[in-house]
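Small disclaimer: the values here were computed from a predicted structure and weren't measured.
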Protein chains: 2
Amino acid sequence: MNPLIPIKSATLSEDIAQQLTNAIVQGQIAQGSKISEPELAKQYGVSRGPLREAIVKLEGLGLVTRTANVGARVIQLNIQDMLDTFTMREALEGMAARLAASNMTQDDVLRLTHLLDEHQAHLDAHKDEHYIQQGSNDDFHLRIIHASGNAKLIRLLTEELYAVIRMYRRHTSDQRSDPRQALREHRAILDAIANHEGDLAELLMRRHISRASQLLKQAMEQAVSLPTKAGLPIHPANQPKQ
Amino acid sequence: MNPLIPIKSATLSEDIAQQLTNAIVQGQIAQGSKISEPELAKQYGVSRGPLREAIVKLEGLGLVTRTANVGARVIQLNIQDMLDTFTMREALEGMAARLAASNMTQDDVLRLTHLLDEHQAHLDAHKDEHYIQQGSNDDFHLRIIHASGNAKLIRLLTEELYAVIRMYRRHTSDQRSDPRQALREHRAILDAIANHEGDLAELLMRRHISRASQLLKQAMEQAVSLPTKAGLPIHPANQPKQ
DNA sequence: AAAGAGAAAATTGTTGACAATCAACCTTGT
DNA sequence: ACAAGGTTGATTGTCAACAATTTTCTCTTT
């Protein structure tokens, strides 16, 4: 289905890790399903060596769990884990906002303001399309994170945690999220940063993420009470255990 | 030098990862030195397969950096990375303290109080031996972290970050750290938790860690101005590049 | 003698085969 | 009929050899 498509990086194992990550985040490999090494190896046209390395990496990213002599399974999204993850995100992105308030120059702030203006314009033009907003929502957060100037923090948030976060957002079609409210909150955060008010920036970022987490929670609670949603097919053979 | 010693876990790769982690944290493998797959494989008496998996895991832990077709090197400790790491720790353990303030029962608090009393007694008995205090210092922090009840936070702090943190503490013999002061701060944090004052507990934990980070920074600044310290041997063949 | 190009050695990336473990099925006994 | 035990099949863990890339050394040239 996905036999060695586009991006060729230096090593096969990196490629596979990338592709597997995307496949899992986008739900092409169902959550809770088993990862069969021979099957995937054949599918991607590589041997089991690089594939195993990729799986080990995914385990580090928290996308799969491995048990010795049994194999790897894609994680099963659930409310508690989501809340736990977003609480961590609160702490980390809150700190990022605080640091950004110290680091960002007038120019940086101006560029971010323009970005938010674009979001506003885009919002006015396309009244309903929430999903496109998703990407720009990320944009703002990623900019703040990078503006923190903390290399370790950047790596943790953008390379290790974001895969799971995106997975949660993607699999729960949070239609209830209000892009205009989010934009207002973004502006408030940016204001605090522009005034170098680290405390306030952190507080606002935390509230912003906390609110998003509550919305996601409601969406997930509604989802479980509903029949299995489309887009989340569970193949009989891959069914989660127990 | 370390050919397959004690702990046998389910899989070779896990063993090796564990042993390599210890060897790096304890400085038996010098920072900045190259990791030779054939050499280590022979040393541990395994083939290169499991060894490579272990190295991939260590890369996830941030203990080594890998470059394609070149190999892995142990990280090189430096002040900036230390500060970045401890800033993250501030955010995360601060949040852990806040959560602990909500979660811990009267009994939990009592048990932790006893632990701190033991530390006090130990301190009174052995006036000077800082290094033993190190372990008990960890104890307190680990207890708080676990008391947070946030599984993701626990995993991140205790399994992914602590190796590097321990490495920083071990390699910079921070004799300037004052165990009694640390103990006082621990008591203050615990007080806040006992009173369910999340805000205060977070604030105090942050200050506590920030202070430790400043002390470490001073120790590292002093260390670099000194000749190569004993316990950090750099073999000619393993010398860091450039 | 120094610098650069080229060849040789060593190391990493990848593969396919073998060994060990687990899961499912079948058989057997009560 | 059901439970327990063993057997078969498949999957994971490990190994040793091959391919590709990098590094080192040597030889040539200026």
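Side chain of B/K34, nearest nucleotide from C/dC22, D/dG13, C/dT11: C/dT11. Comparing D/dG13, D/dT22, C/dT15 by their nearest atom to the side chain of A/R66 picks out D/dG13. Residue A/S47 has its side chain nearest to C/dG16 when only C/dT12, D/dG13, C/dG16 are considered. Here C/dT12 is the nucleotide among C/dT12, D/dG13, D/dC15 with the atom lying nearest to any side-chain atom of B/R52.
Rounded to an integer number of Å, the gap from A/E14 CD to C/dG13 C1' is 11 Å. Rounded to an integer number of Å, the gap from CD1 of A/I55 to C1' of D/dG13 is 12 Å. Protein atom CZ of B/R48 is 7 Å distant from nucleotide atom P of C/dT12, rounded to whole Å. Whole-Å rounding puts the B/N69 CG to C/dT12 P distance at 10 Å. Protein atom CG of B/L12 is 20 Å distant from nucleotide atom P of C/dC18, rounded to whole Å. Atom pair B/I35:CD1 and C/dT11:P shows a separation of 14 Å (rounding to whole Å applied). Rounded to whole angstrom, the span from the NZ atom of A/K42 across to the C1' atom of D/dT11 amounts to 14 Å. Taking atom OH on A/Y44 and atom P on C/dT14, their separation rounds to 16 Å, with Å as the unit.
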Exercise for the section: I would like to know whether A/H146 and A/H141 meet ring-ring contact (aromatic ring centres under 6.0 Å, His included); could you show each step before the answer? Expected result: CA-CA 9 Å; A/H146 280 103; A/H141 284 267; over 10 Å; no
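OP1 or OP2 of C/dT14 lies within a sub-4.0 Å distance of a side-chain N or O belonging to A/T11.
Residues A/H186 and A/H119 keep their aromatic ring centres 6.0 Å or farther apart.
Residue B/G49 is classed as having no contact, given no heavy-atom separation below 4.0 Å to the nucleic acid.
Residue order along DNA chain C, read from the 5' end via each residue's closest nucleotide, puts A/E53 first among A/A68 and A/E53.
Of the possible donor and acceptor atoms, none in the side chain of A/S213 sits under 3.5 Å from a partner among the backbone N and O of A/I209.
For B/R89 and B/F86, the positive end sits near the middle of the six-membered ring, less than 6.0 Å away and at most 45° from its axis.
At a threshold of 4.0 Å, the pair A/E59-B/R155 does not count as salt-bridged, since none of the basic side-chain nitrogens sits closer than that to a carboxylate oxygen.
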